Amino acid sequence: MTDEILLKATDVIKTFSTRSKKFGRPHLATAVNGVSLEIRRGETLGIVGESGCGKSTLARCLVQLLPTTSGSVFFEGTEISKLSRRGLRPLRRKMQLVFQDPYASLNPRRTVGDIVAEPLRINKFGTEEIIRERVRELFRTVGLDVNSLTRYPHEFSGGQRQRIGIARALALNPSLVVADEPVSALDVSVQAQVLNLMADLQDKFNLTYLFIAHDLGVVRHVSDRVGVMYLGEIVELGEADELYDRPMHPYTDALLSVVPELNDTDAPRRERIILKGDVPDPSDRPSGCSFHPRCPVATERCAVEKPALVEIRPGRSVACHYPKNAG
Amino acid sequence: MPDSPILSVQDLQVTFATRQGPLRAVDGLSFDVAPKEVVGIVGESGSGKSVSMYSVLGLVRDANVQINGSVKFQGREILGLSDQEMQPIRGGEIGMIFQDPMTALTPVYTVGWQIAEQLRAHSGMTKQQARERAIELLGEVGIPDPRKRVDRYPHEFSGGMRQRVVIAMALSCNPKLLIADEPTTALDVTTQAQILDLMLKLQDSYNSSIVIITHDMGVIAEMAHKVVVMYAGRPAEIGPEIDVVRNPRHPYTWGLLGAVPRVESRNDRLTTIPGNAVSPLDIPEGCAFADRCEYRMDICTKRPQLKGTNSHLDACWLSDEQRLTIRSKAVR
C-alpha cells in the first residue's frame, strides 16, 4: 500500500425522489448523506452496514455509475463527478465492478468467453487473436478451465460464475475494483475460495478494492481499513483491526457485539448489545444524530446536534458526541 | 437426557424420481430432539437440511417423491399420516417459522386475522377470543402498540417485525416443537440478534423444543445444544454443540468451520474446501465427501457409518490417531 490517493470523495450526497403519482407530495430519500473518504492505491477499503444504509449507492456514486446529487469525486486526480458520460469513458476501464449476484450479472445467452472478451472488444484491446489469448490468460488467472470458454453461464456453479465476473472485471487491468457483496450469494466453503482468490489477485496486480458487504467477518478479513455506514452516513472509519477491537461508535459497538460467533475459544465474548427498533426511513431522518433514537448512550444533545465525522487520532474517525475507547 | 424425545427421526430417506435418475435429497438421517432441546441442522445449499424437515412435516408433496424411514413425534409415527391426521399437528403441536416472512404471510389479510385464523382452527376459540389472544401474542413477541398493529397488513411491517409476526403465529398454539428454517437469513445482524434473542426467551417460557435449520455456523453456536452437520443429504457429524464447534471430527466440519471469516480475529488465509458441493444426482456410493477431501483413503469408496463415543458421532473412516495428527498440524 502506498500513500497515493487513488480516489477521493468529498461530501457526496445522493438523493432519490420517490413521487407517488396520485397522493401526497414528492418525497426525497437521502441514500447517501454527505460522505467524504479517500481510497489509497493498493489498499482494500471495506464498507460495512445493514441493508438500506446506502453502501451500494455510495459505491455507485464513487465510480459515477450514478450521478451524485452534490459533492465531488476525484479519481487519479481527475474530478470525475464533473465529467460527461463521454468524458468518463476513458476512465471507466480503470474502475471495474464485481456484482453480488453471479446469476444476474452474466448474460445467459452469451458464452462465458464472449462475456469476458466484451470489455476487451469495446476498448479495442487488439486483434481478435490477441483478445482470445488475453481471455485464456484471464481464465487461468482466476482458476477456470480454459476449455470451458465456449460454455454458457448456466453450466457453472455460483462460485465459478463469480470467478467469471472477476475475470471480466480484470480484463482491462483496472486500478480500482469495486466489489459489491461479491460473496454474499455463495456458500461458506465457496465464499472462502473466492475471498482467497481476490486476495491473491490483489497481490499479483496491485489492485485497489472497494469492498462492500454486510457480513462483518468477511469485511474484517479482507479490509485494510473499514468504514461503517448507518443511514447514508459513515459513522466510523479506521484501520480494520483497530476498529473491530476497539469500536468507538455505539452503532459499531452494537453491530459487532451481536454477530453470532463460533465461540470456540475460551476468550470472553463481547457483551451483547441488542438495539431496539428498526433503521429509520431515509426520507424521514431523525433530528440531530441519525442514530440517536436507537442509541443506548444518547442524551438530549444527540437529538439536537448532529455530530460530524471527526478524526480522533490519525486515521481514526468517528461521528459521535460520546465515543467509546477514545482516550 | 433421560426424557423420551419429542421428535425422533430414524433413517430418513427422501428420494425424488427425476428424468436424470433418482435424486437422493436425504439419505439416512437419524436424530432425536429432547424436550426443551435446541437442535441445529447445518449444511450448505443442497445438503438436504430443509427437505428433511419438510418431509418430517409432510410438506413435500411432489408426486415423484419417495419418503422412507420413521419419524416419531411424542412417540407416535407421523410419517405417512394423511393431511387430515396431520392437520392438528402441523401449526398446532409443531409450529413453523420460515425463512422469508413475506411469503409466510398472506398479503391480503391483516396480521391479526392470520394469527386468529390459526387459533380458531386449532383451539376452537371464538372470533373475539382469538383476536384478544392475537393481540396478546403480538405484544409478547415485542411488537409495539399491538392493539393498533393487529389490524395492519404485512406490508406495513419491516422485515424484522414480520418475522416477529410469523413467530407469534408459530407460538399461538403452544407448540411442543418449533421448526425454524433459516429464520434470520433474510434479516440484518442487529435484527437477527433481536429475533434469536426472542426465540430463546420464548422457548424458555413456552418450554418448546426447537429445530433450527441454518447455513450459519455462528447461529448454531449461539442457539443450539446439539448440531447435525449435513453433507449431500447425509449426516456427516452429530454431537453436542460445544464438542462439534471446539472439537470437530469430520473433515467437512473442519473445512466448514475454517472457512468462516471471524469478527473476533483475523487470519491471513481462510481454509477452503476444494471443488463444489456434489450434485445430489451424482452422489458417490462411498463417502459423499471423498472427492473433495484431502485425507481420502482407499477405504473411502465404502460408505462410512455414523459412529463415535457418547453422543458425538461422525461418518468418516479416519482413525482417532490420524485425526489427532491432522488436527495438531492444522491448528495454528
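These numbers come from the heavy atoms of this one structure, side chains and all, not from hydrogens, waters or symmetry mates. In this text, all values refer to a predicted model and were calculated from it rather than measured experimentally. In what follows, every chain begins at residue 1, and chains take the letters A, B, ... in the order their sequences are listed.
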Participant: Please, which pairs that meet ring-ring contact (aromatic ring centres under 6.0 Å, His included) have at least one residue in residues 195-217 of chain A, sequence neighbours excluded?
Facilitator: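 Qualifying pairs: none.
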Participant: Is there a side-chain contact between B:Asp291 and B:Arg296, using heavy atoms and a 4.5 Å cut-off?
Facilitator: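 Yes; the side chains approach each other to less than 4.5 Å.
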Participant: Which atoms of B:Ile220 come close to chain A, meaning under 4.5 Å heavy atom to heavy atom: side chain ones, backbone ones, both, or neither?
Facilitator: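 Neither the backbone nor the side chain of B:Ile220 comes within 4.5 Å of chain A.
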Participant: Does this structure show an ion pair linking A:Asp145 with A:Arg163, if we count only N-O contacts that are shorter than 4.0 Å?
Facilitator: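 Here A:Asp145 does not pair with A:Arg163 in a salt bridge, since their nearest N and O are not under 4.0 Å apart.
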Participant: Heavy atoms only: give me the nearest A:Ser290-A:Leu231 pair and the separation to one decimal.
Facilitator: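 For A:Ser290 and A:Leu231, the tightest heavy-atom pair comes out as CB-CD2, 3.8 Å.
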Participant: Would you say the rings of B:Tyr231 and B:His250 are close, in the sense that their centroids are separated by under 6.0 Å?
Facilitator: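 No, they do not, as the ring centres are separated by 6.0 Å or more.
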Participant: Locate the shortest heavy-atom distance separating A:Arg285 from A:Glu233; write the atom from each residue and the value.
Facilitator: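 Closest heavy-atom pair between A:Arg285 and A:Glu233: NH1-OE2, 3.3 Å.
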Participant: What residue, out of A:Ser257, A:Ala254, A:Ser223, has the most heavy-atom pairs lying under 4.5 Å from chain B?
Facilitator: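 Option with the greatest count: A:Ser223.
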Participant: Once you measure the plane-to-plane angle for A:Tyr251 and A:Tyr230, does it fall in the parallel (<30°), tilted (30-60°) or perpendicular (>60°) bin?
Facilitator: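 Plane angle between 30° and 60°, so tilted.
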Participant: Counting only non-hydrogen atoms closer than 4.5 Å, does A:Asp278 touch chain B with its backbone (N, CA, C, O), its side chain (CB onward), both, or neither?
Facilitator: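 Only the side chain of A:Asp278 comes within 4.5 Å of chain B.
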Participant: Between A:Leu262 and chain B, which part of the residue has a heavy atom less than 4.5 Å away: side chain, backbone, both or neither?
Facilitator: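 For A:Leu262, the contact with chain B is made by backbone and side chain together.
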Participant: Side chain from CB out, backbone as N, CA, C, O: work out which of these in A:Ser184 comes under 4.5 Å of a heavy atom of chain B, or both, or neither.
Facilitator: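 Neither part.
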Participant: I need the residue from A:Gln160, A:Arg294, A:Arg272 with the largest number of non-hydrogen atom pairs under 4.5 Å to chain B.
Facilitator: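 The candidate making the most pairs under 4.5 Å is A:Arg272.
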Participant: When heavy-atom pairs shorter than 4.5 Å are enumerated against chain A, which of B:Ala221, B:Ser158, B:Ser45 gives the highest number?
Facilitator: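 Of B:Ala221, B:Ser158, B:Ser45, B:Ser45 has the most heavy-atom pairs under 4.5 Å with chain A.
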Participant: Please assess A:Asp281 against A:Ser283 for the test side chain to side chain donor-acceptor pair (under 3.5 Å), listing each intermediate value before the final yes or no.
Facilitator: CA-CA 5 Å; A:Asp281 182 347; A:Ser283 61; 3.0 Å; yes
Participant: Heavy-atom cut-off 4.5 Å, strictly under: side chain, backbone, both or neither for B:Thr184 against chain A?
Facilitator: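 Neither; nothing under 4.5 Å.
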Participant: Is there side-chain contact between A:Pro247 and A:Arg270, with heavy atoms separated by less than 4.5 Å?
Facilitator: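 They are in side-chain contact.
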Participant: With respect to chain A, which residue among B:Asp197, B:Leu256, B:Val260 yields the maximal number of heavy-atom pairs within a distance under 4.5 Å?
Facilitator: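 Of the options given, most contacts go to B:Asp197.
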Participant: Name the member of B:Arg269, B:Gln192, B:Gln194 that forms the most heavy-atom pairs with chain A at distances under 4.5 Å.
Facilitator: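 Between B:Arg269, B:Gln192, B:Gln194, the count favours B:Arg269.
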Participant: Identify the heavy atoms of B:Ile273 and A:Gln193 that sit nearest to each other, and give their distance.
Facilitator: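 The answer is O-NE2, 2.6 Å.
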Participant: Residue by residue, scan residues 212-219 of chain B and write down, ordered by number, those that have a heavy-atom distance under 4.5 Å to chain A; if none do, write 'none'.
Facilitator: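 Result: B:Met217, B:Gly218, B:Val219.
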Participant: Tell me, for B:Glu241 versus chain A, whether the close heavy atoms (under 4.5 Å) come from the side chain, the backbone, both or neither.
Facilitator: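 Contact with chain A: none, neither part.
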Participant: Could you tell me which of A:Asp241, A:Leu216, A:Val190, A:Leu255 has the largest number of non-hydrogen atom pairs under 4.5 Å with chain B?
Facilitator: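 Of A:Asp241, A:Leu216, A:Val190, A:Leu255, A:Asp241 has the most heavy-atom pairs under 4.5 Å with chain B.
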Participant: How far apart are the closest heavy atoms of A:Pro286 and A:His292, and which atoms are they?
Facilitator: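 Of all heavy-atom pairs spanning A:Pro286 and A:His292, the closest is CB-CE1, 3.9 Å.
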Participant: Of the options B:Asp100, B:Leu105, B:Ile195, which is the one that meets B:Gln163 in a side chain to side chain contact (heavy atoms under 4.5 Å, CB included)?
Facilitator: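 Single side chain to side chain contact (heavy atoms under 4.5 Å, CB included) partner of B:Gln163 among B:Asp100, B:Leu105, B:Ile195: B:Ile195.
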Participant: Looking at B:Leu187, B:Asp188, B:Thr190, B:Val189, which has the largest count of heavy-atom pairs under 4.5 Å with chain A?
Facilitator: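 Top option by heavy-atom pairs under 4.5 Å: B:Asp188.
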Participant: Please rank A:Asn196, A:Leu275, A:Val188 by heavy-atom pairs under 4.5 Å with chain B and give me the top one.
Facilitator: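 Counting heavy-atom pairs under 4.5 Å, the top option is A:Asn196.
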Participant: Do the side chains of B:His312 and B:Val244 get nearer than 4.5 Å, heavy atoms only?
Facilitator: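 Contact flag for B:Val244/B:His312 side chains = yes.
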Participant: So for B:Pro144, is it side chain, backbone, both, or neither that comes closer than 4.5 Å to the heavy atoms of chain A?
Facilitator: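 Contact with chain A is absent: no heavy atom of B:Pro144 under 4.5 Å.
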Participant: Heavy-atom distances under 4.5 Å only: say whether A:Ser51 touches chain B with side chain, backbone, both or neither.
Facilitator: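 For A:Ser51, backbone and side chain are both near chain B.
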Participant: Can you tell which part of A:Leu195 gets under 4.5 Å to a heavy atom of chain B, answering side chain, backbone, both or neither?
Facilitator: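 For A:Leu195, side-chain heavy atoms alone lie under 4.5 Å from chain B.
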Participant: I'd like to know if the side chain of A:Asp187 pairs up with that of A:Ser189 as donor and acceptor (distance under 3.5 Å, no hydrogens or angles considered).
Facilitator: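 The answer is no; no qualifying pair exists.
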